[in-house]
Every structure is written in structure tokens, then in C-alpha cells.
Amino acid sequence: MDSLLDVHDLKAYFNTRYGEVKAVDGVSFNVGHGETVCLVGESGCGKTTAALSILRLLDSPPGRIAGGKIIYKNEDLLTCSMNRLREIRGNNIAMIFQDPMTSLNPVLKLGSQITEQIRLHLGLNEHDAMARSIELMEQVGIPRARERVNDYPHQFSGGMKQRVMIAAALSCNPEILIADEPTTALDTTVKAQILDIFEGLKKEKNMSILFITHDFGTVAAIADRVVVMYGGRVVETGPATDVFANPHHPYTIGLMKCLPNIEAEGGRLTPIPGTIPSLINPPKGCIFQPRCDMGLEMCANEYPGEHFVSARHSVFCHLHRT
Ligand SMILES: Nc1ncnc2c1ncn2[C@@H]1O[C@H](COP(=O)(O)OP(=O)(O)OP(=O)(O)O)[C@@H](O)[C@H]1O
Ligand SMILES: [Mg+2]
């Protein structure tokens with residue numbers, strides 16, 4: 001599949017009083033035309049930092065991009081001019097932020113929050129922009145959208161707010177949608193409805209989606225391809241069906257054991273022992289080694305390179321050296 005967005009060796013660090021946090025440390029992945037790629041990993045592994053870096057939205061300071069390239073159609077988003085970047089943010093790549101509660105302005109009516117973006121990006125007059133807002137709100141399943149454009153965020157449930165965020169992101173008809181944990185705070189039925197909206201966008205508009213989640217169940221529901229991150233790095237990547245059928249990295253295997261499986265072990269989940277290491281002074285070798293029960297001696301000293309399981313499925317793990 002042709003790549004539309006190519007993240008290459010991205011490094012994004014935060015300056016803190018304890019030292020430099022290597023939140024993203026040499027991450028590479030790509031998103032193809034009309035493809036849904038899921039970035040998955042435990043809390044704190046660098047998913048949001050990677051997503052924000054794509055559009056240069058990291059707070060700086062304390063954040064900084066320490067290296068890499070983000071190639072969108074032959075153009076590096078990390079070095080293009082701010083004007084060009086604004087154009088791309090408005091027309092080509094849209095982002096849904098992790099927390100809709102803080103992304104929506106509590107004192108502005110929801111309709112005007114979407115309308116504002118439409119007027120800014122598409123140059124429509126107020127009347128047409130409002131009509132387009134209502135159309136978008138209907139498209140993402142907000143009932144009585146014509147009346148509800150006049151509501152404030154606190155009058156909407158979490159699921160409805162999330163729909164507003166999606167509608168706002170769709171206002172510029174983007175080619176790529178980056179969605180950071182858009183279903184995490186939602187109950188199972190609402191989550192399924194929101195995932196359906198994403199499926200629809202992919203099918204009807206051939207949209208490319210970079211979907212961020214810590215939940216492998218969500219990955220199973222929507223991903224074409226999966227990028228598993230741990231401690232600021234990619235540990236395994238491949239077509240979702242391959243990774244599910246044949247996970248190779250001990251971390252991916254561990255994450256899959258955390259999936260609810262009613263039939264196995266009386267429905268118990270098996271957590272991965274230990275916690276994510278500090279990203280200030282990460283272990284010298286494989287970053288997962290302190291939690292890994294399958295490690296080799298070399299894992300403590302040498303960071304593993306990329307080993308290919310098949311043409312599109314690869315893993316960063318010494319156990320799979322060929
Ligand atoms: N503004 C900041 N200042 C300092 N450190 C930060 C900042 N933002 C993130 N970090 C650190 O960077 C690392 C990666 O954080 P990030 O938010 O990207 O993780 P995440 O995978 O999105 O987690 P979650 O699933 O909880 O959203 C963490 O160690 C975090 O503490
Ligand atoms: Mg996050």
C-alpha cells in the first residue's frame with residue numbers, strides 16, 4: 001500500500017527537573033491511503049507525544065523534537081514553514097485530542113465551536129458554516145443536531161462530546177485523521193457506535209486514520225495495521241490480523257493476555273508484571289527486558305534491531321534474530 005504519512009526515526013523529548021524524558025525515541029511507522037493504523041501501548045509509552053509531534057503541536061518548552069522526519073507527500077512537516085504547516089493542519093491532517101473535556105471551550109455553544117473551524121478553513125459565511133456544522137453533527141450521529149448546535153458542552157454526555165470533537169475534526173474534510181484515544185472514556189455501547197463512525201469514514205471517504213489506544217480490543221475492532229509501542233519505541237508492527245494470530249514480541253503477547261477472555265482461566269485477565277521504566281534513564285538494552293520472562297543475556301546490554309517475521313510484520317526482539 002502507498003504510504004501517505006511516513007514517520008521516520010522520530011525523537012521527541014521533554015525537559016524536566018529530573019532530566020530529559022525520552023518520550024519518543026526513534027519511532028518509525030507509516031500510514032497508507034485509506035488505511036487505519038492503530039498505535040497501541042500502555043499509558044506513558046509515548047503515543048500522544050508521537051501524535052502531537054506529527055503536527056508539531058508539542059508544548060515547547062518543555063517538549064522538543066530531537067530528530068527524525070515526518071514525510072507527508074514528499075514534504076517534511078518538521079521542517080516546512082509554519083504557514084505551510086497551518087495549511088496542512090486546516091486542510092489535510094486533522095487531530096482529535098485525547099481529552100474532549102479540555103479541548104472544548106465550556107463557554108461557547110457547540111455549534112459555534114465547529115462553525116469557527118469551518119469559517120477559518122473553508123472560508124464559508126456564517127450561515128453556510130452553520131448549515132455545514134449541522135450536517136457534520138448529523139453525520140456523526142448527534143440527534144436533533146439543528147437544535148443542539150445551541151447547547152453548551154456541559155449539556156452533552158461524554159459520548160456526545162466525543163462526537164462533536166469528531167465533527168470538528170471532519171470539518172475540513174481531511175485526508176488523514178489522527179484520533180488520540182477517542183473511545184477511552186466511553187461505555188461499551190457508545191464506544192462501539194464511535195468505532196462505527198470511524199469505520200464509515202474509512203469506507204465512504206477512503207480516509208486514512210491513525211487511531212491511538214491502549215486497548216487491544218479496540219485494535220481488533222478497527223485496525224488494518226498495528227504499531228505496538230513500549231517505553232517510547234516501537235516493539236512490533238504488522239497487519240493487525242498477522243499480529244493477532246501470531247504475536248512475536250513478549251510485550252505484545254503480554255498485552256494480548258490482558259484482553260478479556262471469558263473462556264480462559266475463569267475469565268481472569270493476566271496483567272504484565274512490573275511497570276513501564278523511567279524514560280529519563282531507560283535501561284541500556286531492550287527497554288522491555290526488566291519485565292520480560294523470556295529474555296536472553298544479551299537483552300540487558302544491547303538494544304534489539306528490527307527482525308522481519310514476514311514482509312510487513314516485524315519485531316524488535318533478540319528472541320527473533322534470524
Ligand atoms: N509536558 C510534559 N512534560 C514532561 N513529561 C511529559 C510531558 N508530556 C508527556 N510527558 C512524558 O512523556 C512520556 C510519554 O507520555 P505520553 O502522554 O506521550 O504517553 P501516552 O502513551 O499517550 O500515555 P496515555 O495512554 O496515558 O495517554 C511519559 O513519561 C510522560 O510522563
Ligand atoms: Mg496519551
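Read the numbers this way: they start at 1 and go in the same order the structure lists the ligands and their atoms. Position 1 is the first residue of the sequence, and the numbers go up from there. All of these numbers come straight from a predicted model, not from anything done at the bench.
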* Asked: Checking R225 against F29: charged group under 6.0 Å from the ring centre and within 45 degrees of the axis?
  -> no

* To do: Please work out which of the three classes, parallel, tilted or perpendicular, describes the rings of Y152 and H154, given edges at 30° and 60°.
  => parallel

* Cation-pi check, R148 onto F156 ring (under 6.0 Å, within 45° of axis) -> yes

* Please report the C-alpha distance between H248 and H313 in whole Å, then the side-chain angles of each, then the deciding distance to 0.1 Å, and finally whether the ring-ring contact (aromatic ring centres under 6.0 Å, His included) criterion is met. => CA-CA 9 Å; H248 273 60; H313 182 181; 5.5 Å; yes

* Asked: Has S43 got an N/O/S atom less than 2.8 Å from the Mg ion (ligand 2)?
  -> no

* **More than 12 heavy atoms from other groups under 6.0 Å of CD on Q193** => yes

* Taking atom CZ of R146 as the centre, report whether more than 12 heavy atoms of other residues, nucleotides or ligands fall under 6.0 Å from it. => no

* To do: Indicate the ring-plane relationship of Y230 and Y251, choosing parallel, tilted or perpendicular according to the 30° and 60° boundaries.
  => tilted

* Hey, is there an N, O or S on T49 sitting under 2.8 Å from the Mg ion (ligand 2)? -> no

* To do: Heavy-atom cut-off of under 4.0 Å around ligand 1: list whichever protein residues fall inside it, by chain and number.
  => F14, T16, V21, A23, E42, S43, G44, C45, G46, K47, T48, T49, P62, Q98, E181, L279

